[in-house]
Asker: 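Sharing a structure with you now.
Here the structure is a predicted model, which is why all the values come from computation and not from measurement. All chains are named by letter (A, B, ...) in the order of the sequence lines, taking the proteins before the strands, and each is independently numbered beginning at 1.
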There are 2 protein chains.
Amino acid sequence: MKNQEAKDEFINLWGVLGSQWGINRSMAQIHALLLLTPDTLSTEDIMEELQLSRGNTNMNIRELMNWNLVYKHFVAGERKEYFKAEHDVWTIATRIMKERKKRELVPAKEIAQKIRKAKLSENNAESKHIQKTITDMDDFLGRIDQLSELMLKAEQNIIFKKMMTLLK
Amino acid sequence: MKNQEAKDEFINLWGVLGSQWGINRSMAQIHALLLLTPDTLSTEDIMEELQLSRGNTNMNIRELMNWNLVYKHFVAGERKEYFKAEHDVWTIATRIMKERKKRELVPAKEIAQKIRKAKLSENNAESKHIQKTITDMDDFLGRIDQLSELMLKAEQNIIFKKMMTLLK
DNA sequence: ATAAACTTTCAATAAATACTGAAAGTTTAA
DNA sequence: TTAAACTTTCAGTATTTATTGAAAGTTTAT
């Protein structure tokens with residue numbers, strides 16, 4: 001298999017996985033391409049390789065930098081910006097968790113708590129069940145939040161370390 | 001707060017969370033509505049409450065049943081089908097994990113392994129790095145797979161139990 | 001057998017999302 | 001200060017995804 005074929009397959013895999021998890025295809029593909037590149041690429045390199053417009057490429061590189069998955073790199077004597085991906089898979093995973101937690105889990109928890117706190121004026125079987133559903137879900141989101149916190153602090157956590165060891 | 005308001009907020013929350021995670025809004029909203037309902041609802045009840053078409057409602061109920069999150073319920077003397085949601089949050093979470101694992105993780109692992117096994121014909125710095133990227137990602141997907149397996153078997157797992165206890 | 005009651009399918013359409021490319025903005029070199 | 005080199009923005013457009021509703025299919029009661 002040629003390098004290019006392997007790259008294309010990986011880029012495609014990452015694109016599909018991304019879109020299944022609510023991350024846009026171009027962003028995932030740019031990420032994949034940068035993961036496959038030992039050093040750096042410019043916006044134009046990426047546009048060329050993935051056949052994307054400048055606007056699209058630029059916006060998604062910015063977004064990858066917001067997620068702390070890609071960094072800017074300056075090349076001596078060059079005016080244009082170059083980009084480099086974070087290559088360590090565990091670091092990538094924790095950065096993604098951190099970002100999704102911040103963007104989705106925390107706001108969801110806030111809404112759940114708001115509904116939970118607002119007492120229901122009606123007092124019947126339905127309101128009992130609604131309360132329970134909302135309470136259960138809020139508790140569940142809290143658990144997920146704590147679990148993600150635990151994983152993000154995995155390095156310092158003995159139980160989690162043991163669990164990961166079990167998985168080796 | 002009226003029951004209806006609380007329900008609407010929860011349905012909306014679930015819809016937003018769903019679409020952020022690649023699950024369609026109608027499916028998530030139907031799920032939320034059934035979670036909020038102590039017993040059962042018919043297709044028409046759901047159409048009415050969420051203002052959805054028959055086709056949309058029907059297809060998404062089927063999909064929720066494929067995910068094992070909703071069951072059919074027959075009401076004595078009634079011809080039409082009624083539906084009831086699984087209400088236990090931990091059960092819901094494991095069913096979703098199971099399904100996503102099957103639909104997304106397993107196929108992704110297969111592709112990663114296929115690329116990994118296909119040796120690269122070129123022998124240069126780039127091919128070394130491509131190999132490493134693909135190997136790392138395949139290993140990572142394997143870890144996630146094992147971790148999800150562990151969580152699905154949590155009840156029998158002492159380490160995991162301890163971890164969940166820590167979170168209480 | 002037939003028709004009413006109900007469910008499923010799917011082509012057409014709508015809505016949401018992503019992408020383009022050119023114009024505007026910014027930085028740097030001379 | 002000017003202009004070349006580069007980056008960012010965003011209105012218009014294309015693509016993808018979701019939804020509708022009516023026709024076809026199925027089941028049940030008589």
Asker: Starting the side chain at C-beta, find the nucleotide from dC10(C), dA18(D), dT20(C) nearest to M59(B).
Answerer: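 Nearest to the side chain of M59(B) among the choices is dC10(C).
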Asker: With respect to the side chain of K80(B), which nucleotide from dT7(D), dT20(D), dC6(C) is positioned closest?
Answerer: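 It is dC6(C).
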Asker: Angle between ring planes, H31(A) versus W14(A), binned at 30° and 60°: parallel, tilted or perpendicular?
Answerer: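 Judged by the thresholds at 30° and 60°, the geometry between H31(A) and W14(A) is tilted.
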Asker: Heavy atoms from C-beta onward define the side chain here; which of dT20(C), dG21(D), dT7(C) lies closest to that of E81(B)?
Answerer: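 Out of dT20(C), dG21(D), dT7(C), the nucleotide with an atom closest to E81(B)'s side chain is dT7(C).
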Asker: Rounded to whole Å, please give me the gap between CD1 in I30(A) and P in dA18(C).
Answerer: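 So the two atoms are 13 Å apart, to the nearest Å.
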Asker: Look at the side chain of N58(A) and decide which nucleotide, out of dC19(C), dT7(D), dT7(C), has an atom nearest to it.
Answerer: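 Closest nucleotide among those given: dT7(D).
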Asker: Just how far, in rounded Å, is P of dC6(C) from NZ of K72(B)?
Answerer: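 Rounded to whole Å, this separation is 14 Å.
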Asker: Find the distance I46(A):CD1 to dT8(D):P and express it as a whole number of Å.
Answerer: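 It works out to 12 Å between those atoms.
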Asker: Whole-Å distance between dT27(D) C1' and E78(B) CD?
Answerer: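 The answer, rounded to whole Å, is 15 Å.
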Asker: dA18(C) P sits how many Å from M47(A) CE, rounded?
Answerer: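 These atoms are roughly 20 Å apart.
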Asker: Between T43(B) and dC6(C), is there a side-chain N or O to OP1/OP2 distance below 4.0 Å?
Answerer: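 Checking dC6(C) against T43(B), no side-chain N or O comes under 4.0 Å of OP1 or OP2.
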Asker: Of L35(B), L41(B), L64(B), which is the lone residue that meets side-chain contact (heavy atoms from CB on, under 4.5 Å) with I30(B)?
Answerer: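 It is L64(B), the one option of L35(B), L41(B), L64(B) that forms the side-chain contact (heavy atoms from CB on, under 4.5 Å) with I30(B).
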Asker: Under 3.5 Å, is there a donor-acceptor pair between the side chain of D45(B) and the main chain of S42(B)?
Answerer: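 Between the backbone of S42(B) and the side chain of D45(B) there is a qualifying donor-acceptor contact (under 3.5 Å).
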Asker: With a 3.5 Å distance limit and no angle check, can you tell me whether H73(B) reaches the backbone of Y71(B) through a side-chain donor-acceptor pair?
Answerer: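 No.
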Asker: Quick check on DNA chain D: between I23(B) and N56(A), whose nearest nucleotide comes earlier from the 5' end?
Answerer: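 Taking each residue's closest nucleotide, the earlier one in sequence belongs to N56(A).
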Asker: Measure from CD on E44(B) to P on dC6(C) and round the result to the nearest Å.
Answerer: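 Answer to the nearest Å: 7 Å.
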Asker: What is the distance, rounded to the nearest whole Å, between atom CZ of R62(A) and atom P of dT7(D)?
Answerer: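 So the two atoms are 8 Å apart, to the nearest Å.
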Asker: Could you pick out which residue, R54(A) or S19(A), lies toward the 5' side of DNA chain D when each is mapped onto its nearest nucleotide?
Answerer: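 Checking each residue's closest nucleotide, the 5'-ward one belongs to R54(A).
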Asker: Please give, in whole Å, the distance from dT17(D) C1' to E63(B) CD?
Answerer: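 About 14 Å, once rounded to whole Å.
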Asker: Report yes or no: does R95(A) contribute a side-chain atom to a donor-acceptor pair with the main-chain N or O of L69(A) at less than 3.5 Å?
Answerer: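 Checking the backbone N and O of L69(A) against the side chain of R95(A), no donor-acceptor pair under 3.5 Å is found.
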Asker: Which nucleotide in the list dT7(D), dA5(C), dT20(D) gets nearest to the side chain of R79(B)?
Answerer: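 In terms of side-chain proximity for R79(B), the closest of dT7(D), dA5(C), dT20(D) is dA5(C).
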